[in-house]
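Have a look at the structure below before the remarks.
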Amino acid sequence: MASRYDPASFEQKWRSRWKEADLFLTREEPGRPKFYGLEFFPYPSGKGLSVGHCRNYIPSDVVCRTKFMQGYNVLHPMGFDAFGLPAENEAIKNQVHPGPMVERYGDTYRQQMDLIGCSYDWSRSFFSSDPSYYKWTQKIFKLLFERGLAYRKLAAVNWDPVDQTVLADEEVIGGRAERSGALVEKKWIPQWFFKITAYADRLLSDLDKLDWPEGIKNQQRNWIGRSEGVEFTMRVVLPNDAASENPPLQPAEEEVFSVKSPDRGLTMTVFTTRVDTIFGVTFCVLAPEHPLVEKICLGVPEERVEAIRAYQAQAKLLGDQDRLAANREKPGVNTGAFAINPANGEKVPIFLADYVLMTYGTGAIMAVPGHDERDYEFAQAYGLPILPVIAPEAGQLDVELPFPAKDGFLINSGEYSGLSVAEAQLRLSEWLEALEIGTRKVNYKLRDWLISRQRYWGCPIPIMHTQDEEMQTVPDDCLPVLLPEVENYLPPGDGTSPLALIPEFVNTTDRDGRLAQRETDTMGGFACSSWYFLRFADPHNDEAPFSPEKVKSWLPVDCYVGGAEHAVMHLLYARFWTKVLYDAGWIEFDEPFLTLKNQGQVLAQTPYRKPREGEVLSVGQTGIQITFAEAEALPDGEVDWRWARMSKSKGNVVTPEQAAEQFGVDALRVFELFVAPFEAEIQWSNEGMNGIVRFLNRIFRWIDDHRSAWNPNWKNSISQVENSGSTATLRRATHQTIAKVTSDIDRFAFNTAVAALMTYLNSLDDLSKFDRPPHADALSEAIESLILLVAPMAPFSADELWESLGEAGFTYHQAWPKHDPALAAESEITVAVQVNGKLRDTLTLPAGTDGPAMEQAALESKKVQVFLEGKVVRKVIVVPGKLINIVVSDA
RNA sequence: GCCCGGGUGGCGGAAUGGUAGACGCAGCGGACUUAAAAUCCGUUGGUAGCAAUACCGUGUGGGUUCGAGUCCCACCCCGGGCACCA
């Protein structure tokens, strides 16, 4: 009999029974509400799951199990993000083929997820590397291509000279390859992009309708980086170009930067968000690779050209990371050319400097050193004039520069002086527009999504290059373009894809039957994870990526759970694809994830020590991490134990297998739910786990002690039971707990839900203080409620307890308890009595005591009267059922 | 530098503007035991007091309010993200 929590005796039994019964097969009964609970698509690493990863899966599982018991049709699927660089790199390291390797790793994940009791419908599972899945990834690529949202252009990639391979941006940290540690070089290769910038505005504005953590939404807003400003054209004059001294202003052109033939006068277009500072322009800056530089070189003296060329060469060598390094002095070069400020006709020098980026705005700026910190630094370095044109107060002339703030008034700005910044921005933009040299414009920091990888292990891009150098999509009936089975998939090292070395793959025929060559790039892993949540609704469809009806019945995802590290990449890409599919009419919603939750990490005690003589700590490093064996060997005082994120490299990982062995799965689950709020970090501790084991033990014992009272038909007879004494007390506790646990799970407050169950258990033990035990039906209600309320959190124990009552089947199939507010209501209220806001007494009064009666009882209190002596009562605040505050003052 | 979070007992944490510290861990006292473990009961913010009780307490300083951990302003510290985007 189950008299204590002995997981070894029942866990495996229930795991097998759930499997035999296909317990978690998705129910699709008409007439029930639906709930789609999903966790981030994991890449199955060879290291397996730690109890840290479980923090993602357990809470989500609790919600899905609860929703099912509440009568929902629940979709709770799991699959694996198998394509991509992490898998390929690991396979290279192990000298195996990535396909079988990843499948093996996925199986391990699945076993571990089953171990911890996740309620996944495995019949819907897939790997993103399955041809039956990536066929449809290719189909969606074609849709993007056909809608003009996938294009190919020459672009710089991150090249790792040690590993001889291209790296994704996220594999480059601080300019160095994450794995090899080599300085990443720039390499120019034709690349595929998705035109996510076309959706920038919608991706930004639709954030407002999502129930996501504010921090994540903010990160996306920053990443998209919308800014409103003005783009306008400036005339460019060259030193030996006397003819162009005073030509008329040319109208603005459509293109981003307009370059005109020298005989008609050169112009440059700049973008600014601070058109109000236009009178403060003392120079202009072009990005080093700006096309106008070529024209300028034709009209400046030879020594200038040499300096320009030298600077361009130097700038080209620098990787982006070096360029963006903090606190770096700003190098640049004076071109010798000048721009004319349209506001005041002044001639200012044009510089080249790499602090201006060719990839943002027009690649050219008007520099206002008085009101921009970057321009200020540059002006100081090159001895350029710095002029104040905005002051905190109207008319104030002594402004401390740089003054970048936007709340101020114009000075030194001709007829615009005295206006506020906002007013001046409006008037000056209108003026530039009227002159037809400028236009208001919105720019985004967001860049197009670089999708191609010159690597083997990815979804092939379904494009053919014809003999006429056209690009054709592979016809639907030829999909999928299968990834060829090869022995050697190593990158060749020259920046081409390994697929390019396989003639049988490359050579094909185009739609007209002529010879053609396949695209040999593959898609980065983020493409595959941008639609997997749709496939789960209809995972075995071989006619289409999904049937619109099935997607309509399950999507959007009601609750999406994963780590905050995917705040921008995956979540932005998935939103983008969803909007494209919506625009194409494939689906009827344009946001995939209504609610998003980020779980906190799991930290473990990790040993560090102080640096020894001769050891130098790098910036930000506060100690030297040591192994547990080293820590053992050192004297206590020399080891500095800190909380650090669990990771294999730190040697502080606890696996779910270890936790299950030592404490049982249910203890693991309840611990992770209880020890801190869902979003917060938790600290792994064996003492904490022991506390949970104690709690589970007490549940088993209490139910064992009261099993003789169990009446399976209590629901039919309990309404006849007199509700008084210990029976009333018990039923009140039961119904209060049902209410609390239900609402806490609903709001992801699992820690307080567990606490409520612990409180409940304490009150069950207190029942022994009554002379008469509660009625057997009330006890039965308590037994059943307790088992069912813990079931989503500790499902193995719940089923074991349920069976120990003589009941058949699974708690998963029982209806979630409902609370009766009348039974939950307190018969007495505890009222706080304050004098001048300080607590002086608490009174116990019958529930429903009205305000005046409360006030009277408070004034009669002896403890209170002590504080009223010699005072005058000015006012009495009464919060019915809660509190009385008597405001007094000296007489 | 900018943008988000967050500072509450020895520790993890709880608290729709209304009794701060629920619940748990650790500690202390006791019961059971030959003993220990386990279990059970009690106790535990600080200071003073035999006690009743009083005073002080939610990072710091102000403010709003009958009443502030909670709202507002300024600042300090910690964690995370972004970082020359004109």
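All values below come from the heavy atoms of this structure, side chains included, with hydrogens, waters and symmetry mates left out. To find a chain, count down the sequence lines: A is the first, B the second, and so on, and within it residues start at 1. None of these values were measured; they are calculated from a predicted model.
- Partners of Glu828(A) by side-chain hydrogen bond (donor to acceptor under 3.5 Å, both in side chains), not counting sequence neighbours: none found.
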Give the table of side-chain donor-acceptor pairs shorter than 3.5 Å for residues 678-693 of chain A, with sequence neighbours excluded, one pair per line with atom names and distance.
residue: Ser685(A); atom: OG; partner: Gly688(A); partner atom: N; Å: 2.8
residue: Asn690(A); atom: ND2; partner: Asn686(A); partner atom: O; Å: 3.4

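- Tyr355(A) has no side-chain polar atom (N or O) that falls below the 4.0 Å cut-off from OP1 or OP2 of A86(B).
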Could you write out each protein N or O paired with an N or O of nucleotides 23-28 of chain B at a distance under 3.5 Å?
residue: G24(B); atom: OP1; partner: Asn762(A); partner atom: ND2; Å: 3.3
residue: C25(B); atom: OP1; partner: Arg694(A); partner atom: NH1; Å: 2.6

| field | Watson-Crick and G-U pairing of RNA chain B written in dot-bracket, each distance under 3.5 angstrom, with | for inter-strand partners | value | (((((((..(((.....[....))).(((((.......))))).((((....))))..(((((..]....))))))))))))....
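- Counting only residues at least two apart or on different chains, the salt bridge (Lys or Arg N to Asp or Glu O under 4.0 Å) pairs with a member in residues 744-761 of chain A are Lys67(A)-Asp746(A), Lys740(A)-Asp744(A), Asp744(A)-Arg747(A).
- Here Arg701(A) lies in heavy-atom contact (under 4.0 Å) with sugar-phosphate atoms only.
- Ring pair His566(A)/Phe40(A) is perpendicular by interplanar angle, where above 60° counts as perpendicular and below 30° as parallel.
- The side chain of Ile365(A) lies closest to A86(B) when the candidates are A86(B), C3(B), U19(B).
- Nucleotides G63(B) and G57(B) are separated by 15 Å at their P atoms, to the nearest Å.
- Considering only the side chain of Asn218(A), C3(B) comes nearest among C3(B), G13(B), U19(B).
- Within the structure, every pair that satisfies the salt bridge (Lys or Arg N to Asp or Glu O under 4.0 Å) test and touches residues 691-702 of chain A, not counting sequence neighbours, is listed here: Arg698(A)-Asp765(A).
- Between Val866(A) and Arg840(A), the closest side-chain pair of non-hydrogen atoms is not below 4.5 Å.
- A salt bridge between Glu228(A) and Arg226(A) is present, with a side-chain N of the basic residue lying under 4.0 Å from a carboxylate O of the acidic one.
- Ring centers of Phe695(A) and Phe674(A): at least 6.0 Å apart, outside the cut-off.
- An anti orientation is assigned to G63(B), its glycosidic angle lying beyond 90° of 0.
- The base of C66(B) lies close enough to the side chain of Asn885(A) for a donor and an acceptor atom to sit less than 3.5 Å apart.
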